[in-house]
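Just so it is clear, the values below take in all heavy atoms, side chains as well, and ignore hydrogens, waters and symmetry mates.
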Amino acid sequence: MAEEKLQASSRFLFPFKPYSIQEEFMTALYNVLEAGKIGIFESPTGTGKSLSLICGALTWLRDFEEKKKLEAAQLLEDRAPQQGLSQDLQNSTAVNSKESGAKASGELDWITEFVQKKAERDLVDKLKDEELKRKKREERLEQIRNNVQLKYASKRKRDDDDDTERLIQLSGEVVTPEQASSAEILDREDESFILADYESDDEKKPKGSNLSDEDDLEEEHVTKIYYCSRTHSQLAQFIHEVQKSPFGKEIRLVSLGSRQNMCVNDEVRHLRSLQMMNDRCLEMQKNKRAERKHSGDEKKSPKRKRKSQVTCPFYSHQQMQFLRDELLVEVKDIEQMVLLGKEMKACPYYASRYAIPPAQLVVMPYQTLLHSSTRLASGIKLKGQVLVIDEAHNLIDTITSIHSYKVTGSQLCCAHSQLSQYMERYSRLKAKNLMYIKQILYILVNLLQVLGGKVGQNPNTQKIFQGGTELQSINDFCFRAQFDNINLFKVQRYYAKSMLSQKLFGFVEKYQVAASQPNDTLNQKGSKTAALENFLQKLNEKPIGQVAPHEQEEDLEKEQPVMASPMMQVEGFLFALTSTNQDGRVVIQRQGTVSQSSMKFLLLNPAVHFAEVVKECRAVVIAGGTMQPVEDFKAQLLLASGVSADRLAEFSCGHVIPPENILPIIVCSGPSGQQLEFTYQKRDKPQLLDECGRVLVNLCKVVPGGVVCFFPSYEYEKQAYTHWEKTGLLAQLEAKKKIFQEPKKANQVEQVLSEYSRCVQHSSRSPGLVTGGLLFSVVGGKMSEGINFSDDLGRCVVMVGMPFPNMKSPELLEKMAYLDKILPKTDGNSPGKLLVENLCMKAVNQSIGRAIRHREDYATIVLLDHRYTRPSILSKLPTWIRGQTHAEASFGPVLKAIGKFFRDKKTCGDAIK
């Protein structure tokens, strides 16, 4: 009966009449959330997956809240008569019930009865409290929606604050950092860079202190849905779908992001790294708290003049409370939140976090959810909540990447140099702090020795004579580095409590800024000048391992990010070494010099981190456009996390396009009869490259519009292009299609796509000898995910060979060996072999899914390799493609079928016109 109700499309408040597959999707989603299961949902792009997720999940949330209200009201109603009775009558009722119970089952334990009644009273009190909070919150938000005076009360408060700030500035009490000399900065005892006793580092709240500012911003967490995706652009697109949905006016939604995306303070925004922004923000907050704390002291002792410190004008609890309410009243994306924060003079970064408890839908990127410390710092509580992970085809790789840490010899040297100077500068450190700092220095020295280097020598000049890659277990690595006797858990706690990495980073930045001040300013301090200049010169010298400016430019060309704080990389690496021995490996790579050598922690078991998420959530939805093959998710991520098989649910819907709009063909041989098998051993042969070129020439003659051809790698794409250029096949291709190549640099992708799009559109409007464009792309590159080749941009997608991962990779070999050890064989195949196939087919599915993007779209998919006919490979194609796929042993029938496909489409198009 319940399922019959769910079949009604009106049940889901869909903005228009949904497709049948959308109704099936929402019904399955609703049932998974209702049963508290873990669902794997596959819905191809163009089927309205985002809207189906929104309407299905929010319909369940609406029904759940209504059901919860009814149950609470019923319970309160049942308890009301009992509470309304006189005390004598209640006592007599209790005596009667006790006597009847004693007659039935002997003497009733009065302690148990008392505990039960107390639990009932507590439950009723809790329900009353929750109902009161809910009504107050709804009334406040409704007032903001409808009451213009209340809505603009914050603006009047801002204007008053601005007037006060201008008066203070005119009185000359504010001193900016630029006005203060570097000597004064150094002379001041800056407690923010001195480590206190880490065990008592937590802020002590004085008894009787009024903390209403921050307490007012905290609320109880209501039942909510956490939604996460890979990029901010995907999150923004999802929020726009929510705005267009029937829930757009009533849902309380908040979007989370980093300071890099949400900070509105220009002084912080212009900093060149995220870590610098974080540190500057926290420093301004500390200054603000100190300012409030000392305001009373200054009244008592007016003679004592306190030096001014820069605070953030947007970090105002009252204004952030106004902004929080504004975010909950109406759905906004991050850009809209930032604009509103500037207008209201309130911080969107913190206001969004204060809005999490009362929000019904929280939107965030992967990293915020999947990294436990980031999740905790953001105030996210998953207990009893619903989690939706979208674009989840790379979820295992994402978790592995987030929890894998790499540190280079250059970073080890730099961290050792900075920490040594820090310890020398602050000689008043407590004994416990000094002990831990010396332990960390000892670890840094030993890690550098593992790479074959020495502290005190430039790692750029220390040559590695015996290069290569080596893998070790965590325990073996710690024994080898000779710090197995050090408790890394205590070191990790010390890092967290003392915030050593952040303080060291701020220490370096502070003195580098001071060193950049004019020398005549420093000379004002007289006798301290020599020692001060020596210290600054030592600190400001090029740290061991730091690259020169021209080397930095080369690194940027190679797209290798420059780390802001080497100690943070070291901290992450040491944190990873506290993992269980079988869950990870340490990869030691020696090459060239010590600075280029590195060690990396490789996570083998992503389930150990995902288990925390699954255990706490009420239900988890893992969704994507192409989730096949799903064996990886079930075996490596879900079952390994302790999820029982009966809690799993799978749903894969078809496409909205009719079957005749897609033509997937497996091509086993080329025009000359050469078998197409692009294995690593055969793909470089000139005969196979020639045959591949002839296939493309024939396809370009019959396919209108754009053709997108995917190669296994950039190197192979370049090799094929060069070969065809020499043999003349490239000229034959250019006679029918203008050729474009995917660039390696991300900032050039948009330009290439624009030129390709203009070429295809011009060819469709003005038919001629050139009938469109041919785009050479790479599997796993910039254009294999997130790019829409809809309509004429992608009438044909060609997959050259099978993009298997590099079988010589030590990381892949170790992962295969790990899976072979912990997982059973499937149909006689080892888990390691299945991993390689799954990685290949995931990449294929993502690439060929770029073409069909909406109901009226049509395209052909050409798989150039006879190995696609193998049942184990064919079964890993998406369901909506696999059902239409057929193989051809020779090339003649392929060309004939493709020609007929496009002639039929042209005839249909002419008939519609």
Q: Only counting residues at least two apart or in another chain, list the ones meeting salt bridge (charged side-chain N to carboxylate O under 4.0 Å, His left out) with Arg683.
A: none
Q: For residues 678-700, pull every pair meeting ring-ring contact (aromatic ring centres under 6.0 Å, His included), keeping only residues two or more places apart or in separate chains.
A: none
Q: Would you kindly check if the NZ (Lys) or CZ (Arg) of Lys406 is within the cone defined by 45 degrees around the ring axis of Phe601 and under 6.0 Å from the six-membered ring centre?
A: no
Q: Output all residues satisfying side chain to side chain contact (heavy atoms under 4.5 Å, CB included) with Ser401, sequence neighbours left out; order by chain, then residue number.
A: none
Q.
Going by side chain to side chain contact (heavy atoms under 4.5 Å, CB included), name the residues that satisfy it together with Thr727, two or more places apart in sequence or in a different chain.
A. Asp690, His723, Trp724, Leu729
Q. Given the rule in the ring-ring contact (aromatic ring centres under 6.0 Å, His included) test, do His403 and His371 qualify, once you have shown the distances and angles that lead to the verdict?
A. CA-CA 8 Å; His403 295 92; His371 196 265; 5.6 Å; yes
**Q.** For Asp333, all residues meeting salt bridge (charged side-chain N to carboxylate O under 4.0 Å, His left out), sequence neighbours excluded
**A.** none
Q. Residues two or more places apart in sequence or in another chain: which of them pass salt bridge (charged side-chain N to carboxylate O under 4.0 Å, His left out) with Arg795?
A. Asp792, Asp857
Q) Partners of Phe740 by ring pair (Phe, Tyr, Trp, His ring centres under 6.0 Å), sequence neighbours excluded? A) Tyr756
(Q) Could you work out, with side chain to side chain contact (heavy atoms under 4.5 Å, CB included) as the rule, every residue matching Gln636, not counting sequence neighbours? (A) Ile396, Asp632, Lys815, Leu819, Leu835
Q | Phe710: ring pair (Phe, Tyr, Trp, His ring centres under 6.0 Å) partners, not counting sequence neighbours | A | none
Q.
Under the rule for ring pair (Phe, Tyr, Trp, His ring centres under 6.0 Å), what residues qualify as partners of Phe789, not counting sequence neighbours?
A. none
Q | Which residues share a side chain to side chain contact (heavy atoms under 4.5 Å, CB included) with Asp397, sequence neighbours left out | A | Asn394
Q: With sequence neighbours excluded, tell me which residues meet salt bridge (charged side-chain N to carboxylate O under 4.0 Å, His left out) with Glu755.
A: none
